[in-house]
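Below: one structure, written as C-alpha cells.
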Amino acid sequence: MQADMKSGHALRCIACGAEFGRAGAEFRCPRCGDLLEVVYPAWAASEAQTLVWASRLKQTWWERKLSRHGEDASGVWRFRELLPHLPDWRGIITLREGNTPVFELPRCARSAGVDLLLAKHQGMNPTGSFKDTGMTVAISIARQEGFSWVACASTGNTSASMAAYAAHGGLRSLVLIPQGKISWGKLSQALDYGALTCQLGTDFDGCLRILTELVRRHPIYLLNSINPYRLEGQKTAALELLEQLDWQVPEHIIVPGGNLGNCSALGKGLEELRTLGLIEFLPKLSVIQAQGANALVRTLRETGGQRLVPVQAETAATAIRIGNPVSWKKAVRVLQSTGGRCEQVSEAEIAIAKAEIGSDGVGCEPASAVTLAGLKKLVRQGFVHHHERVVLILTGHLLKDPEYTLKFHRRELLPEIAEDERRRLDPYRRAPLEVEPNVESVLRVLEEAEKTHATE
Ligand code: F0G
C-alpha cells in the first residue's frame, strides 16, 4: 500500500524565509547567506487529512519491512514520504543503512540514576556511524543532478561514509581531513573505499573553509551537513526510533554535538512527526558537547543563543573536535522547541562513560559517550527524573577509534589530567595481562579475577 502523500519539496532559508527550488554550490541562501532547510508545502493540510495520513504512514512503513526492494530494505528510504521526492527511486545509492537497534543499558542506567536507559546505536550503520543515513539521500541527489565528484571536510566519519557511498554509486570523492587528528579506523575506511584523501595541516573548521571556497571554483558536490539533504536522511533515525518504541514518546533524547547537524536533523524529524499527527508531543532533545569543544554551550550561556561564540576546539573525542559549528542556529531552535538542555562534559567524564557503555556489552566511540556523561549531569541537575524514559543516540561504533580505547586501558590516555581524576578512571581500566604460556598461569589469573569479582 502506498500512502498518497506527495513529498514535493522546496529549500527555505532559516533566517529570511526565502524559498528556492535548487541550492547553489555552498548550500547557503543566495539572499542573506544563512542556512537552508528542506520544507514540504504539500503537508499543509486539514487536521482530518493529517490523521488519515498518520495511520496510513505507520502501516505503509511497517509493511515495507517485508519487502526485499532496495528502497524498502533501507531504514532511510522506507520513510520516503517524508523525504525529498526523487524522479527515480530505483536510482538511489543505498547500502541498506538505518535499521539500527535499540539496546537497554542496565549498568549505565544504574550509574546514571535512571530506571530505564535505552541507546539507539547509529554506529550499527554500514560504515559504522550515523552519517550513512544522511549520505544515502544527499549523494543520491548528487548523482541524479549529474555530478561526478563529491567532497567533504571531516573529522573522519563523514569522509568514511561519503567514500563508501561514492564508490558504491560510481562517483569519485574528495576528502579534506585535519592531519593527525582523525582516528586511524576512519582514515583507513576512506582509503579502502578509494577516496582522494588530503590531510591538511589545519583543524576541521579550516578544512571546511577551504572546501567552501573550492566548491565555488570547481564543479564538485558538497556533502557536509550544511547540505540540507544530509539532514533529511539523518532525521529518519528519529522516525525509526519512535516506531521501535511503538510510537510512545520518551521524555528525553540525548545526542552529541559537534557541527550540530545531527541534533538539528533529529529535532526536525520529531517536529515533522508531530505536525503530521504521528506523535502528540515532543521529547526533550538535549545536546552534549566536550568541554574543549563547547561552542554551543558558550553561545547559549554568553549570548542567549543570539550569536555564535566560536572556540579553538581540543578534545580526544576527535569526531566532535569542532569549534565553529555550522548548524548552531538550527540547534538553538531545536533546543528551544523541544525544551532540551545543552551541557558540556570533561575528558575524564567521557572516558568513564565510554568504558561504562562498553561494560554493558554495547560500546561506542568516544564522541558518542558524551551522551551518558551528559545524562549523569542532567540527572544531578534534576532535569532528568529517574522514572523518565531516556534514549541516548550513540553515533559511532566502538571499533572506529581503537587507539583511544587501548590508550585508556593501558593508562596512556589523558596524561595531563589531575591525580584525583586519574583515580576515578582506574576502576574502569582493563589492560591486557602478560601471562606465561601454561595452564597453571592462566588458572592463577582466573582465580585472582574470581576473587576480585566476588568483592566488587
Ligand atoms: N558523533 C560522531 C561519531 C561524529 O562523527 C560526529 C560528527 C558527531 C557525533 C557530531 O555530529 O557534527 O552532526 O553535531 N562528525 C563529523 C564528521 C563532523 O566529519 O565525521 P554533528
Side-chain angles (χ1 to χ4, degrees), residues 35 100 119-125 127-135 151-164 175-178 181-183 185-187 189-190 195 197 203-208 211 222-228 230-231 233-235 237 254-268 285-290 293-297 313 315-332 334-335 342 345 350 354 357 363-372 374 392-401 404:
L35 302 177
T100 59
K120 180 154 179 67
H121 208 323
Q122 292 296 91
M124 301 295 178
N125 268 292
T127 76
S129 86
F130 70 102
K131 306 288 183 179
D132 296 343
T133 55
M135 201 53 70
C152 71
S154 182
T155 56
N157 279 326
T158 303
S159 47
S161 178
M162 179 189 74
V175 162
L176 302 188
I177 45 172
K181 295 293 182 188
I182 80 165
S183 80
K186 299 172 191 177
L187 176 58
Q189 285 181 289
T197 304
D203 54 10
F204 168 82
D205 305 293
C207 290
L208 192 53
L211 183 62
L222 181 70
L223 277 175
N224 279 92
S225 57
I226 191 166
N227 179 330
R230 279 263 319 273
L231 304 195
Q234 283 174 214
K235 82 182 179 190
I254 304 184
V255 63
N259 214 15
L260 302 175
N262 202 30
C263 57
S264 307
L266 296 171
K268 185 172 190 283
L285 196 144
S286 294
V287 180
I288 313 296
Q289 298 197 294
N294 60 352
L296 183 62
V297 175
T315 168
T318 51
I320 49 173
R321 191 173 172 274
I322 294 172
N324 199 357
V326 163
S327 294
W328 68 274
K329 275 192 193 168
K330 288 185 178 177
V332 168
V334 165
L335 288 171
C342 181
V345 291
I350 298 172
K354 185 174 122 50
I357 295 169
C364 63
E365 71 163 282
S368 311
V370 300
T371 53
L372 175 61
L392 307 181
I393 306 293
L394 301 181
T395 44
H397 197 279
L398 171 68
L399 293 175
K400 280 283 192 175
D401 195 351
Y404 179 103

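Whatever order the structure lists them in is the order used to number ligands and atoms, beginning at 1. Just so it is clear, the values below take in all heavy atoms, side chains as well, and ignore hydrogens, waters and symmetry mates.
The N/O atoms of Ser159, backbone and side chain alike, include none that comes under 3.5 Å of an N/O atom in ligand 1. The shortest N or O to N or O distance between Leu260 and ligand 1 is under 3.5 Å. On a distance-only criterion, Phe130 and ligand 1 share no N/O pair closer than 3.5 Å.
Leu266 contributes atom CG, which lies 9.5 Å from atom CG of Leu231 (distance to the nearest 0.5 angstrom). For the atom pair Asn157 CG and Ile320 CD1, the distance stands at 11.5 Å (nearest 0.5 Å). If you take CG on Leu335 and CH2 on Trp328, they are separated by 12.5 Å, rounding to the nearest 0.5 Å.
Just one of Leu399, Asp401, Leu394 meets the side chain to side chain contact (heavy atoms under 4.5 Å, CB included) condition when paired with His397; it is Leu399.
Ligand 1 places these atoms under 4.0 Å from at least one heavy atom of Glu365: 3 (C). Below 4.0 Å from some heavy atom of Asn157 lie the following atoms of ligand 1, by number and element: 2 (C), 3 (C), 4 (C), 5 (O), 20 (O). Remark: ligand 1 atoms within the under-4.0 Å shell around heavy atoms of Asn259 are 12 (O), 14 (O), 21 (P). Near Ser154, meaning under 4.0 Å from any of its heavy atoms, are these atoms of ligand 1: 17 (C), 19 (O), 20 (O). Near Gly261, with a cut-off below 4.0 Å to any heavy atom, the atoms of ligand 1 are 13 (O), 14 (O), 21 (P). Numbered from 1 in the order shown, with element, the atoms of ligand 1 that lie under 4.0 Å from a heavy atom of Ile322 read 18 (C). Taking every heavy atom of Thr158 and a limit of under 4.0 angstrom, the matching atoms of ligand 1 come to 16 (C), 17 (C), 19 (O), 20 (O). Atoms of ligand 1 lying under 4.0 Å from at least one heavy atom of Ile320, given by number and element, are 8 (C), 9 (C), 10 (C).
Scanning the protein for heavy atoms near atom 13 (O) of ligand 1, the closest one is Asn262 N, 2.8 Å. What sits closest to atom 2 (C) of ligand 1 on the protein, heavy atoms only, is Thr395 OG1, 3.4 Å.
At a 4.0 Å heavy-atom cut-off, ligand 1 touches Lys131 through the side chain alone.
Between the side chains of Gln234 and Asn262, at least one donor N or O lies within less than 3.5 Å of an accepting N or O. Looking only at atom types and distance, the side chain of Lys120 has a donor-acceptor partner in the side chain of Thr100 under 3.5 Å away.
For Gly257, the closest heavy-atom approach to ligand 1 falls below 4.0 Å.
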Residues Ile322, Asp205; criterion side-chain contact (heavy atoms from CB on, under 4.5 Å); working and verdict:
CA-CA 6 Å; Ile322 294 172; Asp205 305 293; 3.6 Å; yes
Given side-chain contact (heavy atoms from CB on, under 4.5 Å), test Ile350 with Val345 step by step and report yes or no.
CA-CA 7 Å; Ile350 298 172; Val345 291; 3.7 Å; yes
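Judged by distance alone, the side chain of Thr318 and the main-chain N or O of Ile182 form no donor-acceptor pair under 3.5 Å. In this structure, Lys400 contributes its side chain and Thr127 its backbone to a donor-acceptor pair below 3.5 Å.
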